[in-house]
Amino acid sequence: MDQKQESGVTNKTNQQLNKPNAEALLAWYDRHHRTLPWRVIPKDRSVGVVNDPYHVWMSEIMLQQTTVGAVKSYFEKFLTMWPTLSDLAAASEEDVLKAWAGLGYYSRARNLKKCADHVQLHHNGRFPDNAKALKELPGIGDYTSAAIASIAFDEEVPVVDGNIERIVSRLYHIEEALPKAKKPIKEKVAELTPSERPGDFAQGMMDLGASLCSPKKPACSLCPFSGTCEAEGIGDQERFPIKAPKKQKPTRYGAAFLIKRQEDGAIWLRQRPDKGLLASMSEVPSSDWFGKSAEKFELASALDHAPEGLEFRKLVGQVIHTFTHFHLVLDVYETTSTDSEPMNKGWWSEPQSLKDEALPTVFRKVVEMGLER
DNA sequence: GAAGCGTGGTA
DNA sequence: TTACCAAGCTT
């Protein structure tokens, strides 16, 4: 296989480009791979260290739409709390949600627990060793099934995540916009994936996408695919992948009601419904959130939504938080109580136990505002 | 196929 | 600062 085009030829056209090849990527990965808590690096794999499917699965679920930096501490915490699949299967969903709090996309945590239970019960505690069977499990879709199968079981199956979509759309100058481009991209990845080390190839591609082949200002001169990349050849790398424009987020408005226990400053919490946004997570008692766009929540009417029989005072400032599909602006009201149960359905959380609650970030911001004053 | 579903980092 | 982005899945 030719490694390089003739010297002296600049990449103004793609006529003389060689085909991208997996060997160049694997060689780059061997030298430049990241070292990550869930990863067995090539040097160790070559002397027989194997990937633990439980670790691979755990990391892949956590990494869905989530950065490596955010995942690391959660991965370590989960493996400390539940070292094996059977430990996790023996845990309660409540404890899993508490440990997941702050990482986002909470259906992942509920599916993580469901999946552990299912594998424990129906697969004798061992993950299926191929993508097709893995995809049947809760929380495991196209990408994750392929990733686990290739990384943990060396199955030669195309792995396509956002990084790889970007790399491949550049390598092959794919003008079609996502998500329509997914099919041709997957075909190219299948073509490119080697029968040897398919898992290292997938991880290498993702490392490349996370470093050199970045969305903005890719470092093409250092890339193992340099000279074989069609987008580089036409000098138009940043334009790919082409994506449909995104809708702008509306803003919603609401109020949250902090009830502090007089004697020790404990906060009254309650559980959210088991469907929809932040399902089954904990919350500070709150109003509904109003206003698809401009229709603003009337501040004067906020107290109409307050728990009954309590006198609230409004705190200075607002909590601003952005979810996947809308911005939220919350006014925060506060009161102190000496009741053992200021409203029905809920519980007191003492200051030192708040960190262990299944409180999403938006409500941690609310509590934080109450502590500042 | 489109919409719902979190969060923190970055430019 | 607003907007975008990061190892997607489910309905």
Side-chain angles (χ1 to χ4, degrees), chain A residues 33-34 36-39 55-75 97 100-112 114-115 134-152 158-167 177-183 186 189 199 201-211 213-217 238 241 243-252 272-281 283 292 319-328 358-365:
Chain A
H33 66 79
R34 290 175 289 183
L36 302 170
W38 47 85
R39 174 176 284 177
H55 297 183
V56 175
W57 165 70
M58 180 77 73
S59 66
E60 290 301 340
I61 300 299
M62 289 182 168
L63 286 162
Q64 289 167 3
Q65 296 289 284
T66 307
T67 56
V68 164
V71 165
K72 280 182 179 171
S73 65
Y74 283 86
F75 179 82
L97 287 178
W100 197 277
L103 195 55
Y105 283 136
Y106 298 101
S107 67
R108 292 185 296 171
R110 295 190 298 279
N111 283 332
L112 187 83
K114 271 192 208 166
C115 185
L134 285 162
K135 195 171 179 304
E136 300 297 312
L137 300 170
I140 298 183
D142 270 331
Y143 161 75
T144 306
S145 59
I148 298 172
S150 71
I151 296 169
V159 177
V160 185
D161 77 324
N163 289 302
I164 295 172
E165 285 175 349
R166 182 170 59 257
I167 296 169
L178 289 168
K180 273 195 167 183
K182 282 177 179 291
K183 190 172 179 182
K186 191 167 193 171
V189 174
F201 177 76
Q203 294 180 89
M205 289 287 274
M206 292 188 278
D207 279 19
L208 184 69
S211 55
C213 197
S214 47
K216 302 292 180 189
K217 302 186 184 307
E238 273 194 28
K243 295 182 177 180
K246 299 190 173 174
K247 292 179 183 172
Q248 73 169 32
K249 294 174 162 76
T251 302
R252 296 181 189 170
R272 292 176 61 81
D274 62 5
K275 292 185 188 307
L277 187 69
L278 309 175
S280 300
M281 299 294 286
E283 68 172 1
K292 293 276 180 186
V319 166
I320 312 284
H321 190 77
T322 300
F323 293 102
T324 313
H325 50 300
F326 64 94
H327 303 290
L328 178 64
L359 263 190
T361 297
V362 62
F363 296 111
R364 292 193 183 266
K365 290 180 181 175

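A note on names: the letters A, B, ... follow the listed sequences, proteins ahead of strands, and every chain is numbered from 1.
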Query raised in the report: Which residues pass the side chain to side chain contact (heavy atoms under 4.5 Å, CB included) test with A:P158, sequence neighbours left out?
Result: A:K186, A:V189, A:A190

Requested in this report: For A:R272, check salt bridge (charged side-chain N to carboxylate O under 4.0 Å, His left out) against everything at least two apart and list the hits.
Outcome: A:E283

Query raised in the report: What does A:W38 touch in the nucleic acid at a heavy-atom separation under 4.0 angstrom: a base, only the sugar-phosphate, or nothing?
Result: base

Query raised in the report: From C:dA6, C:dG8, B:dC5, pick the nucleotide closest to the side chain of A:Y143?
Result: C:dG8

Query raised in the report: A:R34 near the nucleic acid: base, sugar-phosphate alone, or nothing, with a heavy-atom cut-off under 4.0 Å?
Result: base

Query raised in the report: Any salt bridge between A:D161 and A:R166, counting N to O under 4.0 Å?
Result: no

Contacts under 3.5 Å, N or O only, protein and nucleotides 8-11 of chain B:
none

Report task. Remember a base hit wins even if backbone is also touched, and classify A:G69 as base, sugar-phosphate or nothing at under 4.0 Å, heavy atoms. Result -> nothing

Query raised in the report: Just how far is it from atom CG of A:D274 to atom CE of A:M281, taken to the nearest 0.5 Å?
Result: 13.5 Å

Report task. Verify the contact: side-chain N or O of A:Y105 to OP1 or OP2 of B:dG4, cut-off strictly under 4.0 Å; return yes or no. Result -> no

Requested in this report: Answer with base, sugar-phosphate or nothing: what part of the nucleic acid does A:V159 contact at a heavy-atom distance below 4.0 Å?
Outcome: nothing

Query raised in the report: Out of C:dC9, B:dT7, B:dG4, which nucleotide sits closest to the side chain of A:P360?
Result: B:dT7

Query raised in the report: Aromatic ring centroids of A:F323 and A:H325 under 6.0 Å?
Result: no

Requested in this report: Looking at every strand, decide which applies to A:R110 at a 4.0 Å heavy-atom threshold: base, sugar-phosphate, or nothing.
Outcome: nothing

Query raised in the report: Toward the 5' end of DNA chain B, which comes first, A:K247 or A:L103, by nearest nucleotide?
Result: A:K247

Requested in this report: Scan A:K246 against the nucleic acid and name what it touches under 4.0 Å (heavy atoms): base, sugar-phosphate only, or nothing.
Outcome: sugar-phosphate

**Report entry** Atom P, compared across C:dC4 and B:dA3: separation rounded to whole Å
**Finding:** 16 Å

Requested in this report: Quick one: list whatever passes ring pair (Phe, Tyr, Trp, His ring centres under 6.0 Å) with A:F75, sequence neighbours left out.
Outcome: A:W38

Report task. Please list, chain by chain and in numerical order, all residues satisfying salt bridge (charged side-chain N to carboxylate O under 4.0 Å, His left out) with A:K114, sequence neighbours excluded. Result -> none

Query raised in the report: Got a donor-acceptor pair under 3.5 Å from the side chain of A:T66 to the base of B:dG6?
Result: yes

Query raised in the report: Would you say a side-chain N or O of A:Q64 is under 4.0 Å from OP1 or OP2 of C:dG8?
Result: no

**Report entry** Interatomic distance at P, B:dC5 relative to C:dT2, whole Å
**Finding:** 23 Å

**Report entry** P gap between B:dG8 and C:dC9, integer Å
**Finding:** 22 Å

Query raised in the report: Quick one: ring pair (Phe, Tyr, Trp, His ring centres under 6.0 Å) partners of A:H55, sequence neighbours excluded?
Result: none

Report task. Indicate, with a heavy-atom threshold strictly under 4.0 Å, whether A:T144 touches base, sugar-phosphate, or nothing. Result -> sugar-phosphate

Report summary line: The nucleotide from B:dC5, B:dT7, C:dC9 with an atom nearest the side chain of A:F323 is B:dT7

Query raised in the report: Given C:dA6, C:dC9, B:dC5, which nucleotide is nearest the side-chain atoms of A:L277?
Result: B:dC5

Query - Whichever of A:N111 and A:L36 has its nearest DNA chain C nucleotide further upstream toward 5' - result: A:L36

